[in-house]
Structure formats: structure tokens, C-alpha cells
Amino acid sequence: VGGTATGVTPVSFGDLRIGKYPVVIEAPGFDPIDREVEVKPDAFTNLGLIKLQRSTGTAQIISTPAAQKFELRLKNGEVAGEAPTERSGTTPATLENLPTGTYAVRMTRSGWPEFNGEIEVKRGAIVPMQWEFAEGNMQITSEPAGAAVVINGKPAGATPYRLSGPTGEYRIALQREGWPEYEGTV
């Protein structure tokens, strides 16, 4: 009230001078309300019940490549009486009218490690979350050709062999009858 008096609702203020006062009513996770209140002599000024509106924002969920599955779940910022906020879909997606707060984001792509991150949705803002499922290529050859290729302990084919997949470390073994086995990490 008037930039000086504060309190938690329900609240009453005494010893205010006659006149008009700006009043700001705010709570975490809700849009603030600005009002002007007039204090009159020998009268009680009652603002009545003031219903606050939940603050919302927008999240953009983007992946490279597109068309990957995602889940979004509100971690904090939930308000008593509200249903938990959870959304899921396929990238790219624009999720409007999300209650403000911190969200856990999970994105998946078949054959790739899943991505887990966080996004902070702020009032009136559009907040992007972008993730790239990085892809690498590897060509495995041998002389002579036809060696069995084992990747991370699983048979994969024979040389010459081409692999496209997630970037990262791979254990490679090459096996061919009559030849010493090769093992290495790339």
C-alpha cells in the first residue's frame, strides 16, 4: 500500500491518512494486480475478494533432427489445488499457457541416449529448449575384407562396414579366421 506498508492476506492497515493509495497484490506464480484504493474518514475500505490469475508462459521444444518424442513435467511452481502440469508430444512443439516454474524436459530418439534437461518458464515469455542428437559416421575396413565386426560386444556385420549413429565412444573388435583379433576404442 503506497509503496511502504506490506502484509500477507488477509491484512488490515491502520493509521493510514485520508487519500488515495496505489496497492499491489502479488504472490509467487501469479500475475500481480495493481489497484488504487481511497481511504475515507471514519470508513473501512474493503477491497473484497481478489482472485489472482496464474502466471503463464510459453515453451518451445526443438530437436535436431525433428520428430523426436518429448515429455515436459513441472518440477516446482505447482499451486495447491492444481493438477500437476505434464505435457508430451513430438518436436518441434510450441506449448502455450504453461504455468510458470521449472520444468524437467526429457527427449528421446531411438538408438540414442536420452536427453534430460530443465527449462524455466517465465511469465509472458517464450522460452526455447533445443537439443541436437548428434550423429557421427564411421567406416570400418580391413585387408582382407570380410572380417566380422563387433561393436560394443554385439555382432554388427562384416568389413567393409559403415555405421551412422550417436556420437560417443565405441568398442570395436574385428575377427577373421586365421588372423589375430583386433580390439580398440574409437
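Residue numbers run from 1 in the order of the sequence given.
Proximity of Tyr170 to Leu163: side-chain heavy atoms (C-beta onward) are separated by under 4.5 Å at one or more points. Using a 4.5 Å heavy-atom threshold, the side chains of Val127 and Glu120 count as separate. Residues Ile119 and Leu72 have side chains in contact (heavy-atom distance under 4.5 Å, counting atoms from C-beta outward). Contact annotation: the side chain of Trp131 never approaches that of Val105 to less than 4.5 Å [non-hydrogen atoms, C-beta and beyond]. Between Ser142 and Arg176 there is no side-chain heavy-atom pair separated by less than 4.5 Å. Under the 4.5 Å side-chain criterion, counting only non-hydrogen atoms from C-beta, Arg109 is in contact with Gln68. Using a 4.5 Å heavy-atom cutoff, the side chains of Arg73 and Lys75 are in contact. Between Thr85 and Tyr103, some side-chain heavy-atom pair lies under the 4.5 Å cut-off.
Under a hydrophobic clustering in which Ile, Leu, Val, Met, Phe, Trp and Tyr are joined whenever their side-chain heavy atoms come within less than 4.5 Å, directly or via other members, Phe44 and Val37 fall into different clusters. A continuous path of hydrophobic side-chain contacts links Val186 to Tyr161 [ILVMFWY only; heavy atoms under 4.5 Å]. Cluster membership check: Tyr182 shares its hydrophobic cluster with Ile151, using side-chain heavy-atom separations under 4.5 Å among Ile, Leu, Val, Met, Phe, Trp and Tyr.
No donor-acceptor pair closer than 3.5 Å links the side chain of Asp34 to the backbone N or O of Val24. A donor-acceptor contact shorter than 3.5 Å is absent between the side chain of Ser88 and the backbone of Phe70. In this structure, Thr45 contributes its side chain and Glu38 its backbone to a donor-acceptor pair below 3.5 Å. Counting only distance, with no hydrogens or angles, the side chain of Trp112 and the backbone of Ala134 share a donor-acceptor pair below 3.5 Å.
Considering CG of Leu95 and CD1 of Ile126, their distance stands at 11.5 Å, rounded to 0.5 Å. The distance from atom CD of Gln175 to atom CD of Glu183, rounded to the nearest 0.5 Å, is 8.0 Å. Atom CG of Asp31 sits about 9.5 Å away from atom CZ of Arg54, to the nearest 0.5 Å. Glu71 CD to Glu114 CD: the interatomic distance, rounded to the nearest 0.5 Å, is 8.5 Å. For the atom pair Lys69 NZ and Met107 CE, the distance stands at 14.5 Å (nearest 0.5 Å).
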Problem - Audit row: Thr185, Ile172, side-chain contact (heavy atoms from CB on, under 4.5 Å) steps and yes/no - result: CA-CA 6 Å; Thr185 302; Ile172 307 292; over 6 Å; no
Exercise for the section: Evaluate the criterion side-chain contact (heavy atoms from CB on, under 4.5 Å) for residue pair Arg17 and Val39; output intermediate values, then yes/no. Expected result: CA-CA 7 Å; Arg17 293 185 176 165; Val39 176; over 6 Å; no
Practice task
Under the side-chain contact (heavy atoms from CB on, under 4.5 Å) rule, what do Phe115 and Met129 come out as? Steps first, then yes or no, please.
Solution key: CA-CA 11 Å; Phe115 166 75; Met129 166 60 75; 3.9 Å; yes
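Here the shortest heavy-atom pairing between Asn46 and Gly48 reads OD1-N, 2.7 Å. The minimum heavy-atom distance linking Ile18 with Lys40 is given by the pair CG1-C, 4.3 Å. Among all heavy-atom pairs drawn from Ser164 and Asn137, the shortest one is OG-OD1, 2.5 Å. Leu74 approaches Pro99 most closely through the heavy-atom pair CD1-O, 4.5 Å. Shown here for Glu169 and Asn152, the closest heavy-atom pair between the two residues is O-OD1, 4.4 Å. The shortest heavy-atom contact between Leu174 and Ala147 is CB-CB, 4.4 Å.
By the side-chain contact (heavy atoms from CB on, under 4.5 Å) test, Ala158 is found to be paired with no residue, residues two or more places apart in sequence or in another chain being considered.
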Which pairs of donor and acceptor atoms, one on a side chain in residues 56-65, lie under 3.5 Å apart (sequence neighbours left out)?
unit_1: Ser63; atom_1: OG; unit_2: Pro65; atom_2: O; d: 2.7
unit_1: Ser63; atom_1: OG; unit_2: Thr91; atom_2: OG1; d: 2.5

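No more than 12 heavy atoms of other residues, nucleotides or ligands sit less than 6.0 Å from atom CD of Glu177. With a 6.0 Å radius and a threshold of 12 heavy atoms from other residues, nucleotides or ligands, Leu47 has its CG atom above the threshold.
Between Ser55 and Thr100, the side chains place no donor N or O within less than 3.5 Å of an acceptor N or O (distance only, hydrogens not considered).
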